[in-house]
Amino acid sequence: MEGKAKVLDIRFNEDQSCFVCGMENGVRVYTIDPLTRQTHIAFDEVGAIGRVDVLRRTNLLAFVGGGQAPKFSDKQVHIWDDAKKKIILQFNFDLPVKSARLYRDGSTGCRLAAVFQEQIRVYKLSKEPELVKTIQTASNGTGKNLGEDRERERDGRGEHFRSLRDM
């Protein structure tokens with residue numbers, strides 16, 4: 001794709017020292033101070049990316065296809081290792097993914113939170129990923145509220161907020 005590409009998603013890392021952009025022409029990662037482009041994953045490799053996240057300041061990215069020319073379905077989450085320049089894990093779902101969030105969970109390592117319309121599925125990342133928890137939530141059409149440190153959850157006690165780290 002040539003010309004100016006539309007930004008479809010932007011997400012800051014946990015300490016806001018860098019951000020990642022999902023775009024019509026791939027993915028870009030920038031540091032804040034100084035403002036510098038760190039990497040660009042080309043359209044030929046990943047297509048248009050509608051949802052994206054970066055794990056702290058590591059080489060791991062999570063993304064979901066989107067936009068006008070996606071290479072991947074919106075029912076898949078891909079984990080990209082920028083050091084290896086390739087996809088290292090792929091998650092296939094029966095529902096469109098509204099957001100994908102990578103985070104570290106203290107002593108248990110890296111996790112992926114895949115957000116759907118009314119559900120979050122949390123996976124422990126490893127060579128053999130493991131579903132850790134499924135959480136029913138209030139309707140979350142855009143998946144954007146997962147970008148906050150807390151998520152609204154619905155259970156038998158009503159709606160309340162829950163920290164991502166508790167998932």
Side-chain angles (χ1 to χ4, degrees), residues 1-104 110-123 125 129 135 137-152 161 164 167:
M1 293 187 83
E2 295 185 26
K4 292 186 179 185
K6 181 179 175 185
V7 175
L8 301 174
D9 192 27
I10 186 168
R11 178 85 45 87
F12 284 86
N13 68 341
E14 291 177 41
D15 67 2
Q16 297 188 350
S17 61
C18 67
F19 64 95
V20 61
C21 299
M23 305 179 71
E24 287 285 356
N25 67 350
V27 176
R28 291 192 176 109
V29 180
Y30 295 88
T31 57
I32 299 293
D33 192 14
L35 183 60
T36 308
R37 186 172 79 184
Q38 293 300 301
T39 193
H40 175 226
I41 306 169
F43 175 82
D44 294 343
E45 292 183 74
V46 296
I49 299 299
R51 301 282 185 240
V52 66
D53 194 29
V54 60
L55 178 63
R56 297 188 180 180
R57 285 191 81 152
T58 70
N59 52 309
L60 294 180
L61 303 171
F63 57 78
V64 178
Q68 296 295 314
K71 182 175 182 177
F72 304 113
S73 168
D74 66 349
K75 294 180 180 179
Q76 297 175 325
V77 175
H78 294 86
I79 307 298
W80 175 274
D81 184 334
D82 200 51
K84 295 178 181 178
K85 303 291 185 199
K86 67 178 188 175
I87 293 170
I88 58 169
L89 288 172
Q90 178 179 307
F91 295 83
N92 297 303
F93 300 104
D94 54 346
L95 301 167
V97 179
K98 301 299 183 180
S99 185
R101 183 77 176 187
L102 292 172
Y103 63 99
R104 289 216 190 270
C110 185
R111 297 203 178 191
L112 166 71
V115 180
F116 304 94
Q117 181 75 30
E118 293 184 345
Q119 186 182 84
I120 300 171
R121 297 179 194 166
V122 179
Y123 293 85
L125 296 186
I135 302 165
T137 66
S139 185
N140 184 12
T142 64
K144 291 294 185 184
N145 63 359
L146 189 63
E148 304 297 323
D149 189 37
R150 295 153 46 102
E151 174 62 41
R152 188 173 300 218
F161 287 95
L164 268 178
M167 292 187 216

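Please read all numbers here as calculations on a predicted model, not as lab measurements.
Side-chain contact between Leu35 and Phe19 is present, with heavy atoms from C-beta onward closer than 4.5 Å. Residues Thr31 and Arg57 are in side-chain contact: their nearest non-hydrogen atoms beyond the backbone lie under 4.5 Å apart. Side-chain contact between Val115 and Thr137: absent, with no pair of heavy atoms (C-beta onward) separated by less than 4.5 Å. Side-chain contact between Gln38 and Cys18 is absent, with no heavy atoms from C-beta onward closer than 4.5 Å. Counting only heavy atoms from C-beta outward, the side chains of Tyr123 and Val77 never approach each other to under 4.5 Å. Side-chain contact between Tyr103 and Val122: present, with at least one pair of heavy atoms (C-beta onward) separated by less than 4.5 Å. Residues Phe91 and Leu125 form a side-chain contact, since some pair of their non-hydrogen atoms from C-beta on lies under 4.5 Å apart. Using a 4.5 Å heavy-atom cutoff, the side chains of Thr58 and Arg104 are in contact.
Atom SG in Cys110 sits 6.0 Å away from atom CG in Leu60 (nearest 0.5 Å). Atoms CD1 and CZ, from Ile49 and Phe63 in turn, are 5.0 Å apart once rounded to the nearest 0.5 Å. Atoms CE and CZ, from Met23 and Arg28 in turn, are 4.5 Å apart once rounded to the nearest 0.5 Å. Taking CG from Asn25 and CG from Asp44, the interatomic distance works out to 10.0 Å, rounded to the nearest 0.5 Å. The distance from atom CD of Glu45 to atom NZ of Lys85, rounded to the nearest 0.5 Å, is 8.0 Å.
In plain terms, the two heavy atoms of Leu8 and Arg51 that are nearest each other are O-NH1, 4.4 Å. When all heavy atoms are compared, the tightest approach of Gln76 to Val97 is N-CG2, 4.3 Å. Cys21 and Tyr30 make their closest contact through SG-CE1, 4.2 Å (heavy atoms, listed as atom of the first residue, atom of the second, distance). For the residue pair Ala62 and Leu112, the shortest heavy atom distance occurs at CB-CD1, 4.4 Å. Contact record, Gly66 with Ala48: O-CB, 3.0 Å, taken as the closest heavy-atom pair. Across Phe93 and Arg121, no two heavy atoms sit closer than the pair CD2-NH1, 3.3 Å.
Judged by distance alone, the side chain of Thr36 and the main-chain N or O of Pro34 form a donor-acceptor pair under 3.5 Å. Side-chain atoms of Glu24 come within 3.5 Å of backbone N or O of Gln68 as a donor-acceptor pair. Formation of a donor-acceptor pair under 3.5 Å by the Arg56 side chain with backbone atoms of Glu14 is not found in this model. In this structure, Asn13 contributes its side chain and Gln16 its backbone to a donor-acceptor pair below 3.5 Å.
For residues 60-76, the set of pairs meeting the salt bridge (Lys or Arg N to Asp or Glu O under 4.0 Å) definition, not counting sequence neighbours, is empty.
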Verdict with reasoning, Ile79 to Leu102, per side-chain contact (heavy atoms from CB on, under 4.5 Å): CA-CA 9 Å; Ile79 307 298; Leu102 292 172; 3.9 Å; yes
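When each of Leu61, Ile87, Val52 is tested with His78 by the rule side-chain contact (heavy atoms from CB on, under 4.5 Å), just one qualifies, namely Ile87.
Looking at residues two or more places apart in sequence or on another chain, you find no side chain to side chain donor-acceptor pair (under 3.5 Å) involving Ser73.
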